[in-house]
Amino acid sequence: MREGGRRLPAPVPPERGPFQRSFWKSPLRGAWLSSVLSAALLPLIVVTAVTGLLSHVAYDTELAGNSVTGSDGLLSPIYGGLDWPAGWPWLYALNQGVHVVAGVAAIPILLAKLWSVIPKLWERPAVRTAAHAVERLSLALLVGSGLFVFFTGVLNIQVYYPWQFSFVPSHLYGSFIFLAALAFHVVVKLPTMVRAFRERGVVRPLRESAAETTVEPVESSESVATAPRAATISRRGLLGAVGAASVGLGAMMAGQVVGGPLRGLAFLAPRGRVDGPGPNDFPVNKTAASVGVTPEQTTAAWRLNVVGRFELSLTRDELLRLPQSSQRLPIACVEGWSTTQEWSGVPIVELAGMAGVGDLASVFVESLQEGGAFGQTTLNAAQAADPSSLLALTVNGADLSLDHGFPARLIVPALPGVHNTKWVERLTFQSA
Amino acid sequence: MSALRGFGHGYGAGPLHLLSALASFAVAGWAFVHVFQLGAPFNFLLWFAAAIVAHDLLLLPLYSLVERIAHRLAPARARRAGASEAAAAPSALNHLRVPAALSGLLLLLFFPLVLRVAEDDYAPITGLSTDVYLGRWLLLSGLFFLASGVAYAVRRGRAGLG
């Protein structure tokens with residue numbers, strides 16, 4: 001078509017599918033919904049992040065044999081200066097319990113948040129300015145690392161490892177990527193959240209029923225639908241369902257932390273199996289077979305080697321003849337479950353004294369297991385000197401089962417579960 | 001301050017925006033380096049990318065498809081302006097959606113146990129089997145739908161009497 005001698009530009013083909021804003025039908029999307037979900041998500045993420053980092057501190061990675069995350073690099077001075085205490089036996093159980101409960105409870109909210117902003121993934125033009133490109137790159141890191149960290153966490157809880165990378169460092173450093181991207185996201189989006197709450201009110205939209213639910217103004221956010229369907233659920237209905245999912249998942253995870261009669265609540269959790277009645281009928285982490293420990297290695301020929309100023313070699317009977325101490329202590333696993341039992345054995349300080357070490361700086365504990373990543377542990381001074389720290393020989397009045405560490409295992413208050421070394425064969429004491 | 005304005009015009013936001021972004025990317029880079037030092041970097045990147053792809057190109061279309069089916073099974077009554085809410089019978093749509101979403105979420109999170117894919121890792125470490133979990137998930141799903149059905153019946157009863 002010609003007009004005045006100039007050819008009109010060819011019509012631009014309209015965007016197809018999800019690239020059109022009219023593709024997205026829900027009238028609920030908008031800055032208010034995204035902001036509410038973010039406001040709920042942020043405290044859960046902060047709690048999960050803090051407890052996660054404290055968990056890393058609890059591993060005392062600067063001590064020999066304790067780290068599975070390699071060198072801490074730039075953060076070594078910080079971790080090195082922090083020694084995990086032994087004064088509150090439930091400390092690690094609480095920390096990990098909160099980590100897993102908060103982390104899993106955040107997942108429904110995270111998924112709802114991703115749902116509420118997904119139209120922006122497909123927005124056109126894809127890059128408006130350099131700043132917009134920077135934001136989109138950061139969002140790729142945010143969403144990728146967020147899903148990665150939560151997904152690996154949930155699979156780790158179920159003892160499922162379908163990947164080749166090592167879980168612990170990947171989850172830890174993945175979370176640093178996530179937190180860095182999140183910090184930038186909050187800086188950029190906080191004004192949007194403040195404006196959304198100021199314009200729509202914080203709780204006013206919750207009063208709307210499905211029939212009263214209206215779509216937000218189109219220009220207020222790129223996620224708002226331009227051609228919405230009538231609302232089939234109100235915003236409060238959606239948030240209520242998300243909240244119920246969160247609370248339900250949190251309760252389920254809490255069941256395997258608290259244990260006892262509540263363990264049955266953890267219906268779909270891997271440690272939500274009801275404990276049997278016997279003295280050794282409580283959850284096992286790493287059976288003897290899985291790390292290559294056989295009954296032949298734990299006969300009466302087994303000796304405990306104790307190294308200090310002097311070296312000693314003790315049989316199990318000799319250990320049983322020493323003054324025993326009984327302690328009720330939890331073992332808490334990094335996956336967020338714990339179990340509390342009555343342990344009895346020889347206090348570590350007692351064995352240190354026998355080896356001529358009075359002023360204990362640390363203990364290096366070695367297992368006779370060949371496989372597995374946790375065949376050795378170093379206890380810090382507070383843990384070694386605590387009178388409740390035992391070389392346990394019996395549990396709940398009976399000998400330890402092979403899976404629970406027969407002939408002897410370590411049990412230390414507030415120590416991460418895997419560091420309570422099983423099938424101990426050598427203790428090396430360092431004096432100050 | 002025309003240099004700043006010029007910067008904002010070219011970049012699209014203030015210098016604080018760029019500085020914060022660079023700080024954020026620097027921390028991310030440091031974290032990536034640590035992961036790479038510990039081996040299997042490409043596997044890590046693969047799973048990282050897979051996380052984005054799986055959500056955007058798998059979960060979302062799946063959810064949209066399920067939604068379309070749900071709308072056909074239980075179409076929401078169109079709200080005509082002025083029509084009283086009590087005049088329309090309650091739609092079953094949300095009573096299908098919510099239990100299905102909860103059940104689906106549980107399956108999404110716990111599929112290694114429910115579908116027994118984790119058996120080879122789970123069994124040697126715990127000494128137990130994953131065989132109970134499918135039954136537990138089905139039981140929970142059944143309870144969700146039952147509770148939702150009861151709630152729907154109550155709402156219909158109230159709408160009928162009202």
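Quick note: numbers below take in every heavy atom, side chains included, and nothing from hydrogens, waters or symmetry partners. Small disclaimer: the values here were computed from a predicted structure and weren't measured. Residue numbering restarts at 1 for every chain, and letters A, B, ... go by the order of the sequence lines.
Ranked by heavy-atom pairs under 4.5 Å with chain A, the first of B:Thr130, B:Val117, B:Val53 is B:Val117. For the set A:Leu268, A:Thr129, A:Ile107, the entry with the most heavy-atom pairs within less than 4.5 Å of chain B is A:Leu268. Put simply, of B:Leu46, B:Asn94, B:Val35, the one with the most heavy-atom pairs under 4.5 Å next to chain A is B:Asn94. For the options B:Phe111, B:Phe25, B:Trp137, heavy-atom pairs under 4.5 Å to chain A are most numerous at B:Phe25. The most heavy-atom pairs under 4.5 Å with chain B, out of A:Gly70, A:Gly144, A:Ser290, come from A:Gly144. Of the residues considered (B:Ala23, B:Ala21, B:Gly127), B:Ala21 shows the highest number of contacts with chain A, using heavy-atom pairs under 4.5 Å. For the set B:Val98, B:Leu18, B:Leu139, B:Val132, the count of heavy-atom pairs under 4.5 angstrom toward chain A peaks at B:Val132.
By the 4.0 Å N-to-carboxylate-O rule, A:Arg128 lies close enough to A:Glu123 to be salt-bridged with it.
Each of A:Thr152, A:Leu155, A:Asn156 was evaluated against A:Tyr161; a single residue qualifies, A:Asn156, per the side-chain contact (heavy atoms from CB on, under 4.5 Å) test. No option in B:Phe42, B:Trp47, B:Phe44 other than B:Trp47 meets the ring-ring contact (aromatic ring centres under 6.0 Å, His included) test with A:Trp163.
Only the side chain of A:Val188 comes within contact range of chain B, with heavy atoms under 4.5 Å apart. Contacts of B:Leu108 with chain A are made by side-chain atoms alone, with heavy-atom separations under 4.5 Å and no backbone atom involved. With a 4.5 Å cut-off on non-hydrogen atoms, A:Leu172 does not touch chain B at all. Only the side chain of B:Leu105 has a heavy atom closer than 4.5 Å to any heavy atom of chain A. With a threshold of 4.5 angstrom between heavy atoms, A:Pro162 approaches chain B through its backbone and through its side chain. Contact of B:Val114 with chain A is made through the side chain alone, with heavy-atom distances under 4.5 Å. In this structure, the portion of B:Leu102 lying under 4.5 Å from any heavy atom of chain A is its side chain and not its backbone. In this structure, no portion of A:Leu182 lies under 4.5 Å from any heavy atom of chain B. Neither the backbone nor the side chain of B:Leu22 comes within contact range of chain A; no heavy atoms are under 4.5 Å apart.
Ring orientation note: the planes of B:Tyr152 and B:His95 are tilted relative to one another, at an angle of 30° to 60°.
The backbone N or O of A:Tyr173 sits nowhere less than 3.5 Å from a side-chain atom of B:His34 that would complete a donor-acceptor pair.
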Margin query: One pair to check against side chain to side chain contact (heavy atoms under 4.5 Å, CB included): B:Tyr122 and A:Gln158. What are the steps and the verdict?
Written below: CA-CA 7 Å; B:Tyr122 182 84; A:Gln158 297 171 73; 6.0 Å; no
Check: Can you check side chain to side chain contact (heavy atoms under 4.5 Å, CB included) on A:Leu141 and B:Phe48, steps first, answer last?
Finding: CA-CA 9 Å; A:Leu141 281 181; B:Phe48 201 89; 4.2 Å; yes
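In the model, A:Glu208 has no side-chain atom that pairs as donor or acceptor with a side-chain atom of A:Ser234 under 3.5 Å.
In this structure, CG in B:Leu96 is found 6.5 Å from CZ in B:Phe145, a value given to the nearest 0.5 Å.
Ring to ring, A:Phe148 and A:Phe165 are close: their centroids are under 6.0 angstrom apart.
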